[in-house]
A.B. asks: 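Let me give you the structure first, and then I'll get to my questions.
Since the model is a prediction, treat every value here as computed from it, not as a measurement. The first residue of the sequence shown is numbered 1, and numbering continues consecutively from there.
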Amino acid sequence: MSSFGTRLAAAVRELGPLCAGIDPHPGLLADWGLTDDADGLARFADACVEAFAGHVAIVKPQSAFFERHGSRGIAVLERLLADLAGTRTLSLLDVKRGDIGSTMDGYADAYLGIGAPLGADAVTLSPYLGFGSLDPALRRAREAGRGVFVLARTSNPEGAEVQQATLAGRSVAQAVVDGASARNAGAEPLGDVGVVVGATADHGLSLQALNGAVLAPGLGAQGATAEDVARCFAGVSGLVLPAASRSLLKAGPQPSAIRAAAAATRDDLDQAFSAAR
């Protein structure tokens with residue numbers, strides 16, 4: 001399999017940079033007229049696959065909303081990932097895993113290894129036990145042609161007390177970006193280690209050496225506009241993947257309506273990035 005960075009660059013070139021969230025929270029299931037159980041979850045997942053597969057570059061299922069339904073919910077998530085595999089749309093599973101030693105090995109087996117039962121094209125990881133603690137996951141991802149997105153500067157206010165703390169004049173968040181940049185150095189056309197940087201506020205990070213992708217959550221319902229994203233991430237050496245979920249999914253439950261909302265958002269992003277160049 002080609003590298004994740006290669007596949008991502010090709011998908012964005014063909015379908016645009018929008019990352020569409022798949023977040024089946026209870027309120028949204030109710031809005032769609034679905035039951036808050038595994039059966040409603042399955043119908044939701046099927047509609048999202050129909051809406052997004054082949055129409056956006058990457059989708060981001062939020063694992064927590066599947067896990068809350070127990071083993072049947074996890075089975076729906078497995079089927080969702082399988083349905084996306086082989087389409088033009090990549091999958092980024094939002095799990096935010098992070099641990100040490102053999103436990104990190106276990107997470108890597110579950111999500112990143114060859115034949116992983118919950119294998120997506122990429123997953124989110126938390127580096128706050130030290131960036132080096134992610135090495136088993138990074139190694140397994142590279143072997144399987146998968147990618148990772150490491151939390152750097154998240155949009156929640158509570159994150160600032162850790163992520164903006166400084167050591168030797170460098171913020172923790174910048175250290176995470178620098179760790180990703182080191183692992184992406186020399187990769188063509190793009191490295192496999194992305195970072196997560198919220199789009200709802202100025203991040204204050206140097207991203208010029210990243211040579212990877214920036215997942216930028218916060219577009220739409222969380223308040224960030226396409227213009228905000230273009231301004232915040234000018235000069236990134238890689239790709240920016242603005243992420244939207246509720247602003248797209250509220251158009252459901254008809255897949256055609258969700259797809260139209262995604263297309264309109266993608267057009268807004270194209271205009272904003274073109275104007276910012």
A.B. asks: Check this for me: L129, atom CG, are more than 12 non-hydrogen atoms of other residues, nucleotides or ligands nearer than 6.0 Å?
C.D. replies: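 Yes, enclosed.
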
A.B. asks: Say you draw a straight line from CG of D121 to CZ of F4; how long is it, rounded to the nearest 0.5 Å?
C.D. replies: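 That separation rounds to 6.5 Å.
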
A.B. asks: Report yes if the side chains of L93 and Y111 come closer than 4.5 Å at any heavy-atom pair, otherwise no.
C.D. replies: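 Counting from C-beta outward, L93 and Y111 do come under 4.5 Å.
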
A.B. asks: May I ask you to test the V150-V193 pair for a side-chain heavy-atom distance under 4.5 Å?
C.D. replies: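 Sidechains of V193 and V150: in contact.
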
A.B. asks: Counting only N and O atoms by type, is there a donor-acceptor contact under 3.5 Å from the side chain of H69 to the main-chain atoms of R72?
C.D. replies: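 Not confirmed, H69 side chain does not pair with R72 backbone.
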
A.B. asks: Is there a donor-acceptor pair closer than 3.5 Å between any side-chain N or O of S2 and the backbone N or O of R7?
C.D. replies: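 Such a contact is absent between S2 side chain and R7 backbone.
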
A.B. asks: Let's go through R231 and D202 carefully: what are the C-alpha distance in whole Å and the side-chain angles of both, what is the deciding distance for side-chain contact (heavy atoms from CB on, under 4.5 Å) to 0.1 Å, and is it a yes or a no?
C.D. replies: CA-CA 9 Å; R231 175 182 53 80; D202 290 335; 2.9 Å; yes

A.B. asks: Would you name the heavy atoms of G159 and R153 that are closest together and state the gap between them?
C.D. replies: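 In terms of heavy atoms, the two residues are closest at C-NH1, 4.4 Å.
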
A.B. asks: Would you call L8 and V12 a side-chain contact if the rule is heavy atoms closer than 4.5 Å?
C.D. replies: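 With C-beta onward as the side chain, the pair touches.
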
A.B. asks: Take Q254 and S256 through the test side chain to side chain donor-acceptor pair (under 3.5 Å) and record every step on the way to the result.
C.D. replies: CA-CA 5 Å; Q254 292 301 318; S256 58; 5.1 Å; no

A.B. asks: Less than 4.5 Å apart, any side-chain heavy atom of V240 and any of F273?
C.D. replies: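 With C-beta onward as the side chain, the pair touches.
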
A.B. asks: List the atom of L34, the atom of G40, and the distance in Å for their closest heavy-atom pair.
C.D. replies: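 Reported closest heavy-atom pair: CD1-O, 3.5 Å.
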
A.B. asks: Measuring only between side-chain heavy atoms, which start at C-beta, is V197 closer than 4.5 Å to L215?
C.D. replies: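 No, too far: nothing below the 4.5 Å cut-off.
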
A.B. asks: Testing the basics here: between R140 and D105, what is the closest heavy-atom pair and its distance to 0.1 Å?
C.D. replies: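 Reported closest heavy-atom pair: NH2-OD1, 3.7 Å.
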
A.B. asks: Does one side chain, of Q62 or D94, offer a donor that lies under 3.5 Å from an acceptor on the other?
C.D. replies: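 Side-chain D/A pair, Q62 to D94: present.
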
A.B. asks: Is there a donor-acceptor contact under 3.5 Å from the side chain of R97 to the main chain of V95?
C.D. replies: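 Confirmed, R97 side chain pairs with V95 backbone.
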
A.B. asks: Can a donor-acceptor pair be found, under 3.5 Å and without considering hydrogens, that links the side chain of E143 to the backbone of I114?
C.D. replies: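 A pair under 3.5 Å: no.
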
A.B. asks: Locate the shortest heavy-atom distance separating G16 from R266; write the atom from each residue and the value.
C.D. replies: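 Smallest heavy-atom distance, with atoms named: CA-CD, 4.1 Å.
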
A.B. asks: Keeping R259 on the side-chain end and E50 on the backbone end, is there a donor-acceptor pair under 3.5 Å?
C.D. replies: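 Yes, R259 side chain to E50 backbone: donor-acceptor pair under 3.5 Å.
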
A.B. asks: Please work out whether the ring planes of F233 and H203 are parallel, tilted or perpendicular, with thresholds of 30° and 60°.
C.D. replies: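 F233 vs H203 ring planes: parallel.
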
A.B. asks: Please determine whether residues I100 and V148 belong to a single hydrophobic cluster, defined as Ile, Leu, Val, Met, Phe, Trp and Tyr linked transitively by side-chain heavy-atom distances below 4.5 Å.
C.D. replies: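 Different clusters: I100 never reaches V148 through Ile, Leu, Val, Met, Phe, Trp or Tyr contacts under 4.5 Å.
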
A.B. asks: On a heavy-atom basis, which atom in A199 and which in C232 lie closest, and how many Å separate them?
C.D. replies: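 Closest approach of A199 to C232: O-SG, 4.4 Å.
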
A.B. asks: If every non-hydrogen atom of P189 is compared with every non-hydrogen atom of T6, which pair is closest and at what distance?
C.D. replies: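 Closest pair (atom of P189, atom of T6, distance): CD-OG1, 3.5 Å.
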
A.B. asks: Spell out, yes or no, whether V229 and L15 are grouped together once hydrophobic residues are joined by side-chain heavy atoms under 4.5 Å, including indirect joins.
C.D. replies: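 Different clusters: V229 never reaches L15 through Ile, Leu, Val, Met, Phe, Trp or Tyr contacts under 4.5 Å.
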
A.B. asks: Does A224 offer a backbone N or O that forms a donor-acceptor pair with the side chain of T200 under 3.5 Å?
C.D. replies: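 Looks like no, no N/O pair under 3.5 Å.
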
A.B. asks: Begin with the C-alpha distance, continue with both residues' side-chain angles, and end with the deciding distance and a verdict on side chain to side chain donor-acceptor pair (under 3.5 Å) for S181 and N184.
C.D. replies: CA-CA 5 Å; S181 302; N184 289 334; over 6 Å; no

A.B. asks: Testing L241, V59, T124 one by one against L92 for a side-chain contact (heavy atoms from CB on, under 4.5 Å), which residue passes?
C.D. replies: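 Answer after filtering L241, V59, T124: T124.
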
A.B. asks: So, N211 side chain and A187 main chain: donor-acceptor pair closer than 3.5 Å or not?
C.D. replies: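 Yes, because the side chain of N211 sits within donor-acceptor range (under 3.5 Å) of the backbone of A187.
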
A.B. asks: Measure the spacing between SG of C19 and CD1 of I58 and express it to the nearest 0.5 Å.
C.D. replies: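 With rounding to 0.5 Å, SG (C19) is 5.5 Å from CD1 (I58).
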
A.B. asks: Using the side-chain contact (heavy atoms from CB on, under 4.5 Å) rule, take Y128 and V176 through it: C-alpha gap first, then chi angles, then the decisive distance, then the call.
C.D. replies: CA-CA 9 Å; Y128 292 107; V176 171; 4.3 Å; yes

A.B. asks: Report the distance from atom NZ of K60 to atom CG of L90, rounding to the nearest 0.5 Å.
C.D. replies: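 Atom-to-atom, K60:NZ and L90:CG are 15.0 Å apart.
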
A.B. asks: Consider only side-chain N and O atoms of D178 and Q174, and report whether a donor and an acceptor are under 3.5 Å apart.
C.D. replies: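 Their side chains do contain a donor-acceptor pair, which is all the 3.5 Å distance test asks for.
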
A.B. asks: Using a cut-off of 6.0 Å, state whether more than 12 heavy atoms not belonging to K96 lie near its atom NZ.
C.D. replies: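 Enclosed.
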
A.B. asks: Can you tell me how far apart CG (L269) and CG (L219) are? Round to the nearest 0.5 Å.
C.D. replies: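 Spacing of CG (L269) from CG (L219) equals 5.5 Å.
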
A.B. asks: Once rounded to the nearest 0.5 Å, what's the spacing between atom NE2 of H55 and atom OG1 of T87?
C.D. replies: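 Spacing of NE2 (H55) from OG1 (T87) equals 9.5 Å.
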
A.B. asks: Report the C-alpha separation of R79 and D83 in whole Å, then their side-chain angles, then the decisive distance to 0.1 Å, and conclude whether the side-chain contact (heavy atoms from CB on, under 4.5 Å) test is met.
C.D. replies: CA-CA 6 Å; R79 182 161 65 86; D83 288 345; 3.7 Å; yes

A.B. asks: Are any side-chain N or O atoms of D23 and backbone N or O atoms of H25, one a donor and one an acceptor, separated by less than 3.5 Å?
C.D. replies: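 No.
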
A.B. asks: Do side-chain atoms of R183 reach the backbone of G179 as a donor and acceptor pair under 3.5 angstrom?
C.D. replies: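 It does hold such a pair.
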
A.B. asks: How would you list, by chain and number, every residue that makes a ring-ring contact (aromatic ring centres under 6.0 Å, His included) with F44, sequence neighbours excluded?
C.D. replies: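 Counting only residues at least two positions away or on another chain, F44 forms a ring-ring contact (aromatic ring centres under 6.0 Å, His included) with W32.
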
A.B. asks: Is there a side-chain contact (heavy atoms from CB on, under 4.5 Å) between F131 and L138 once you walk through the steps?
C.D. replies: CA-CA 10 Å; F131 201 100; L138 301 181; 4.0 Å; yes

A.B. asks: Which distance, rounded to the nearest 0.5 Å, do you find between the CG of D36 and the CZ of F65?
C.D. replies: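 Here the rounded value is 10.5 Å.
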
A.B. asks: Do L167 and V172 have side-chain heavy atoms sitting under 4.5 Å apart?
C.D. replies: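 Contact flag for L167/V172 side chains = no.
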
A.B. asks: Under a 3.5 Å distance rule, please check whether T103 uses its side chain to pair with a backbone N or O of D99 as donor and acceptor.
C.D. replies: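 Looks like no, no N/O pair under 3.5 Å.
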
A.B. asks: I want to check something: taking the side chain as every heavy atom from C-beta on, are E78 and I74 in contact at a cut-off of under 4.5 Å?
C.D. replies: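 The answer is yes, as the side chains (C-beta and beyond) meet within the 4.5 Å cut-off.
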
A.B. asks: Would you mind reporting whether F66 and L80 have side-chain heavy atoms less than 4.5 Å apart?
C.D. replies: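 Yes - at least one pair of side-chain heavy atoms lies under 4.5 Å apart.
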
